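For reference, the structure is listed below as structure tokens.
Keep in mind the model is a prediction, meaning the values are calculated, not measured. Labels below follow one simple rule: chain letters A, B, ... track the order of the sequence lines, proteins then strands, and each chain is numbered from 1.
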Protein chains: 2
Amino acid sequence: MPENPDGIGAAFAPHDHSHCSSRALNDATERLATEGGRLTPVRRRTLEILLESHRAMGAYEVLDRLAAEGFGRQPPVAYRALEFLVQHGLAHRLQRLNAFAACLHPGADHQPAFLICSECDRIAEVPSGPMRDALGDVASGAGFVVDRVTVEAVGTCAICAEARA
Amino acid sequence: MPENPDGIGAAFAPHDHSHCSSRALNDATERLATEGGRLTPVRRRTLEILLESHRAMGAYEVLDRLAAEGFGRQPPVAYRALEFLVQHGLAHRLQRLNAFAACLHPGADHQPAFLICSECDRIAEVPSGPMRDALGDVASGAGFVVDRVTVEAVGTCAICAEARA
DNA sequence: AGACGACTGTAACACTATAACAGAACGGAG
DNA sequence: CTCCGTTCTGTTATAGTGTTACAGTCGTCT
Ligand SMILES: [Zn+2]
Ligand SMILES: [Zn+2]
Ligand SMILES: [Zn+2]
Ligand SMILES: [Zn+2]
């Protein structure tokens with residue numbers, strides 16, 4: 001099942017991760033240039049930290065890293081940087097985990113679904129279009145107008161399934 | 001759009017709410033009888049409190065109510081009762097809100113999607129089958145096996161849309 | 001230089017959740 | 001009925017998550 005670099009669920013296949021992060025960082029810089037946000041040192045470093053793995057990190061975990069590198073050591077330092085990244089589509093917040101993960105496909109204005117492996121904690125971002133359509137149907141039947149949707153699936157990833165066999 | 005008592009999104013239509021809660025309470029009692037759980041006083045009262053409205057309540061909000069009625073006043077009292085209800089399918093946890101809501105259709109083993117009105121905080125439970133199917137497809141493309149899914153939509157309900165017009 | 005807004009840092013606090021332990025209540029075996 | 005193991009309730013204490021308020025800094029524009 002693995003071996004589709006850059007594709008859906010690439011996080012769950014062995015791959016050269018430095019590509020993921022350097023590309024995401026480039027895309028981010030580019031996007032902010034056109035959109036008008038400043039990627040200051042704390043913010044940039046926060047994004048780099050999130051990009052180190054396909055995992056979600058708690059705000060305090062990020063904060064520890066930042067503090068160790070000479071940035072502020074109070075919660076707002078991390079929360080502000082993370083909020084900035086989320087607002088500009090460079091990171092996502094995972095409700096189930098109270099945690100944040102870097103976005104690996106910035107550039108497109110997206111509202112993805114997430115696959116969360118309960119064994120290894122790796123995260124993958126997948127398109128949520130079909131689900132949003134299905135939900136829109138059900139919702140409009142109830143006279144409800146959907147604004148934002150959270151879709152988060154917990155399960156077992158390809159790597160862990162393989163390992164267990 | 002309103003006027004479909006008991007149907008999908010009934011929470012967003014004017015209705016005789018005492019029906020909702022008494023029926024849910026009956027179903028709950030019945031379900032526990034066959035399944036083998038004890039609906040003790042704290043647990044029953046917790047369920048009743050959740051059933052008072054189609055809103056989600058924080059654990060501490062529930063706790064205040066319980067304490068005022070002579071039950072314990074420490075967090076575990078509320079968290080344990082709520083956990084019991086969730087485990088037996090009599091209530092649900094809303095990840096986006098860090099809050100809990102009574103289940104209005106116990107009896108079926110379901111894993112619903114939620115519609116959350118950002119204006120009035122009312123909650124509706126809708127079937128998530130189509131979405132789970134759609135997600136399953138995408139996930140299996142990535143070699144991911146889905147276990148549990150969280151679907152929570154934030155938007156505007158029929159009542160609030162009406163009121164604004 | 002001076003004024004302004006956006007950014008960073010701190011202290012203090014609020015909210016959410018769990019761990020660990022002691023006593024009470026229940027239910028079955030003898 | 002009594003004893004015993006289990007489940008339930010309550011407590012204290014602590015861990016984890018997130019926000020408010022305020023002060024100083026830095027870049028930018030006039
Ligand atoms: Zn993304
Ligand atoms: Zn895994
Ligand atoms: Zn339900
Ligand atoms: Zn509403």
Can you check the [X] [atom1] to [N] [atom2] distance for me, whole Å?
| X | N | atom1 | atom2 | value |
| --- | --- | --- | --- | --- |
| Glu61(A) | dT17(D) | CD | P | 9 Å |
| Phe84(A) | dC7(C) | CZ | P | 7 Å |
| Tyr79(B) | dT9(D) | OH | P | 18 Å |
| Glu83(B) | dT18(C) | CD | P | 8 Å |
| Phe71(A) | dT10(C) | CZ | P | 12 Å |
| Leu63(A) | dG16(D) | CG | P | 14 Å |
| Met57(A) | dG16(D) | CE | P | 15 Å |
| Asp64(A) | dT17(D) | CG | C1' | 13 Å |

Taking only nitrogen or oxygen atoms into account, show me every contact under 3.5 Å that the protein makes with nucleotides 11-14 of chain C, one pair per line with its distance.
unit_1, atom_1, unit_2, atom_2, d
dA11(C), OP2, Gln74(A), NE2, 3.4

Would Met131(A) and Arg132(B) count as a side chain to side chain contact (heavy atoms under 4.5 Å, CB included) if you check the C-alpha gap in whole Å, the side-chain angles of each, and the deciding distance to 0.1 Å? CA-CA 8 Å; Met131(A) 274 146 304; Arg132(B) 300 229 300 285; over 6 Å; no
Check each residue of residues 90-101 of chain A for a non-hydrogen atom within less than 4.0 Å of any atom in DNA chain D, then write out the ones that pass by number, or none. Arg93(A), Asn98(A)
Choose from dC8(D), dT19(D), dG9(C) the nucleotide whose nearest atom is closest to any side-chain atom of Arg43(B). dC8(D)
Sugar-phosphate, base or nothing in reach of Arg80(A), heavy atoms under 4.0 Å: base
How far does [atom1] of [X] sit from [atom2] of [Y], to the nearest 0.5 angstrom?
| X | Y | atom1 | atom2 | result |
| --- | --- | --- | --- | --- |
| Thr150(B) | Arg96(B) | OG1 | CZ | 11.5 Å |
| His105(B) | Cys20(B) | NE2 | SG | 8.0 Å |
| Leu135(A) | Phe144(A) | CG | CZ | 8.5 Å |
| Glu83(B) | His88(B) | CD | NE2 | 10.5 Å |
| Arg43(A) | Glu48(A) | CZ | CD | 14.5 Å |

Please check if the side chain of [X] supplies one atom and the backbone of [Y] the other of a donor-acceptor pair under 3.5 Å.
| X | Y | value |
| --- | --- | --- |
| Glu152(A) | Gln95(A) | yes |
| Ser118(B) | Gly155(B) | yes |
| Thr156(B) | Ala161(B) | no |

Which of residues 28-41 of chain A have a heavy atom under 4.0 Å from DNA chain C? Arg38(A), Thr40(A)
Near DNA chain C, under 4.0 Å by heavy atom, which residues of residues 44-55 of chain B? none
Linking directly or through intermediates, with side-chain heavy atoms under 4.5 Å: list the remaining ILVMFWY members grouped with Leu50(A), chain and number order. Leu25(A), Leu32(A), Leu39(A), Val42(A), Leu47(A), Ile49(A), Leu51(A), Met57(A), Tyr60(A), Val62(A), Leu63(A), Leu66(A), Phe71(A), Val77(A), Tyr79(A), Leu82(A), Phe84(A), Leu85(A), Val86(A), Leu90(A), Phe100(A), Leu104(A)
Under the criterion side chain to side chain contact (heavy atoms under 4.5 Å, CB included), I'd like the reasoning laid out for Phe114(B) against Leu94(B): C-alpha separation, chi angles, the key distance, then a yes or no. CA-CA 8 Å; Phe114(B) 292 94; Leu94(B) 289 142; 3.5 Å; yes
ring-ring contact (aromatic ring centres under 6.0 Å, His included) partners for His17(B), two or more places apart: His15(B), His54(B)
Step by step, would you call His110(A) with Cys103(A) a side chain to side chain contact (heavy atoms under 4.5 Å, CB included)? CA-CA 10 Å; His110(A) 62 189; Cys103(A) 175; 3.2 Å; yes
Would you say Val149(A) ends up clustered with Leu115(A) if hydrophobic residues are merged whenever their side chains have heavy atoms under 4.5 Å apart, either directly or through other cluster members? yes
